[in-house]
Amino acid sequence: MIEFPFPYLTTGTIVHGCGRGSKELGCPTANLDASSIENLPSEIDEGVYFGWAQFLTNNNDELYKLVASVGTNPFYKCKVKTLEVHLMHNFESDFYGEKLKIVLLGEIRKMTSFKDA
Ligand code: ADP
Ligand code: MG
C-alpha cells in the first residue's frame, strides 16, 4: 500500500557524477540533473527510496524497479544534494543523456554515513 506522503513523481536527465557507483561500490547509480530534485517536495528527507522508473527518450517503455538515494552522500561529504537511481536490471551499456521519469513509492531508510565504503 502506498502511504502518505507518497508517491513522489519527478523526471530528470542522466548526467555524469563522480563515477564511483559502479567502480568503487559495484552498484551504478544514474545521477539525475538538478531539476529532478527541484521537482520533489523541498521537505523530502534525505534517504533511500524505492519505486519505478521509465525512460522517456529511448523508445523503451519498460518499467524498471528502482532504488534511489536523495541527499548529499555523507560518507563522501558531497556539498550538493543529488537524486541517484539504481535500476534493478542489467543493462548492456551506459545511458547517459537519456531522460527518466521516476515515481518514489516509499522510504527504505534515512540517509546515513558508514565507517567505510
Ligand atoms: P556516475 O557517477 O557518472 O553516476 P556511476 O558509476 O554511478 O557513475 O554509474 C552510473 C551510470 O551507469 C548511469 O548513468 C548509467 O549510464 C549506467 N548504468 C548501467 N546500468 C545501470 C543501472 N542498472 N542503474 C543505473 N545506472 C546504470
Ligand atoms: Mg552515479
Side-chain angles (χ1 to χ4, degrees):
M1 195 169 103
I2 305 174
E3 290 181 24
F4 183 83
F6 296 96
Y8 291 139
L9 292 163
T10 190
T11 62
T13 301
I14 298 165
V15 296
H16 282 267
C18 303
R20 63 187 158 231
S22 34
K23 290 195 196 79
E24 198 176 316
L25 304 174
C27 179
T29 61
N31 293 37
L32 301 187
D33 65 345
S35 67
S36 68
I37 291 259
E38 287 156 17
N39 290 332
L40 290 175
S42 56
E43 67 272 14
I44 189 171
D45 285 337
E46 296 196 18
V48 178
Y49 295 87
F50 63 89
W52 293 96
Q54 194 173 37
F55 286 96
L56 289 170
T57 44
N58 64 0
N59 294 322
N60 171 5
D61 57 8
E62 192 79 27
L63 282 171
Y64 296 100
K65 290 178 185 170
L66 69 78
V67 180
S69 148
V70 177
T72 54
N73 299 332
F75 177 75
Y76 293 103
K77 299 185 171 59
C78 300
K79 296 243 170 1
V80 181
K81 191 153 104 174
T82 54
L83 169 56
E84 306 187 17
V85 179
H86 176 71
L87 304 179
M88 311 291 273
H89 183 80
N90 285 325
F91 292 91
E92 290 187 355
S93 54
D94 288 346
F95 38 83
Y96 288 105
E98 301 290 352
K99 197 165 179 184
L100 273 184
K101 172 167 73 177
I102 72 166
V103 51
L104 302 181
L105 295 175
E107 185 187 84
I108 295 173
R109 64 167 170 81
K110 305 289 182 206
M111 187 62 71
T112 187
S113 194
F114 296 91
K115 73 177 187 329
D116 55 41

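All residue numbers refer to positions in the sequence shown, counting from 1. Nothing here was measured: the structure is a model prediction, and the numbers come from that model. Each ligand, and each atom within it, is numbered from 1 in the order the structure gives.
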> Can you tell me the protein heavy atom closest to atom 13 (C) of ligand 1 and the distance?
Replying inline: Ala30 CA, 3.8 Å
> Rounded to the nearest 0.5 Å, what separation is found between the CD atom of Glu98 and the CG atom of Asn58?
Replying inline: 4.5 Å
> Taking the minimum heavy-atom distance to atom 12 (O) of ligand 1, which of Cys27, Pro28, Cys18 ranks first?
Replying inline: Pro28
> What protein heavy atom is closest to atom 26 (N) of ligand 1, reported as residue, atom name and distance in Å?
Replying inline: Phe95 CZ, 3.5 Å
> Taking atom CG of Asn31 and atom CD1 of Ile14, what is their separation to the nearest 0.5 Å?
Replying inline: 9.0 Å
>> With nothing but distance in play, are any N or O atoms of Ile14 less than 3.5 Å from an N or O of ligand 1?
In response: no
>> For a side chain to side chain contact (heavy atoms under 4.5 Å, CB included) check, start with the C-alpha distance between Leu83 and Ile102, then their side-chain angles and the critical distance, and finish with the verdict.
In response: CA-CA 11 Å; Leu83 169 56; Ile102 72 166; 3.8 Å; yes
> Under 4.0 Å from any heavy atom of His16, which atoms of ligand 1 are there?
Replying inline: 3 (O)
>> Using 0.5 Å steps for rounding, measure from the CG atom of Leu87 to the NZ atom of Lys65.
In response: 13.0 Å
> ligand 1 and Gly17, any nitrogen or oxygen pair closer than 3.5 angstrom?
Replying inline: yes
>> Nearest 0.5 angstrom please: Arg20 CZ to Thr29 OG1, how far?
In response: 8.5 Å
> At what distance is the nearest protein heavy atom to atom 24 (N) of ligand 1, and which residue and atom is it?
Replying inline: Leu87 N, 3.1 Å
> Can you tell me how far CH2 of Trp52 sits from CD of Glu62, rounded to the nearest 0.5 angstrom?
Replying inline: 9.5 Å
> What's the shortest distance from atom 17 (C) of ligand 1 to any protein heavy atom, and which residue and atom give it?
Replying inline: Asp94 OD1, 3.4 Å
> Starting from atom 4 (O) of ligand 1, which protein heavy atom do you reach first, and at what distance in Å?
Replying inline: Asn31 OD1, 2.7 Å
>> Please confirm whether the ring centroid of Tyr8 lies under 6.0 Å from the ring centroid of Phe6.
In response: yes
> Any idea which part of His89 is under 4.0 Å from ligand 1, heavy-atom wise: side chain, backbone, both or neither?
Replying inline: backbone
>> For atom 10 (C) of ligand 1, what's the nearest protein heavy-atom neighbour? Residue, atom name and distance, please.
In response: Thr29 O, 3.2 Å
>> Counting non-hydrogen protein atoms only, what is the nearest one to atom 5 (P) of ligand 1? Give residue, atom name and distance.
In response: Ser22 OG, 3.6 Å
>> Could you see if Leu40 belongs to whatever hydrophobic cluster contains Leu66? Use Ile, Leu, Val, Met, Phe, Trp, Tyr and a side-chain cutoff under 4.5 Å.
In response: yes
> Hey, is Val85 one of the residues with a heavy atom under 4.0 angstrom from ligand 1?
Replying inline: yes
>> Classify the ring geometry of Phe55 against Phe95: parallel below 30°, tilted from 30° to 60°, perpendicular beyond 60°.
In response: perpendicular
>> Does any N or O of ligand 1 fall below 3.5 Å from an N or O anywhere on Tyr96, backbone included?
In response: yes
>> Under 4.5 Å between side-chain heavy atoms, counting indirect links through other Ile/Leu/Val/Met/Phe/Trp/Tyr residues: same cluster for Val80 and Ile44 or not?
In response: no
> To which protein heavy atom is atom 2 (O) of ligand 1 closest, and what is the distance rounded to 0.1 Å?
Replying inline: Gly19 N, 2.5 Å
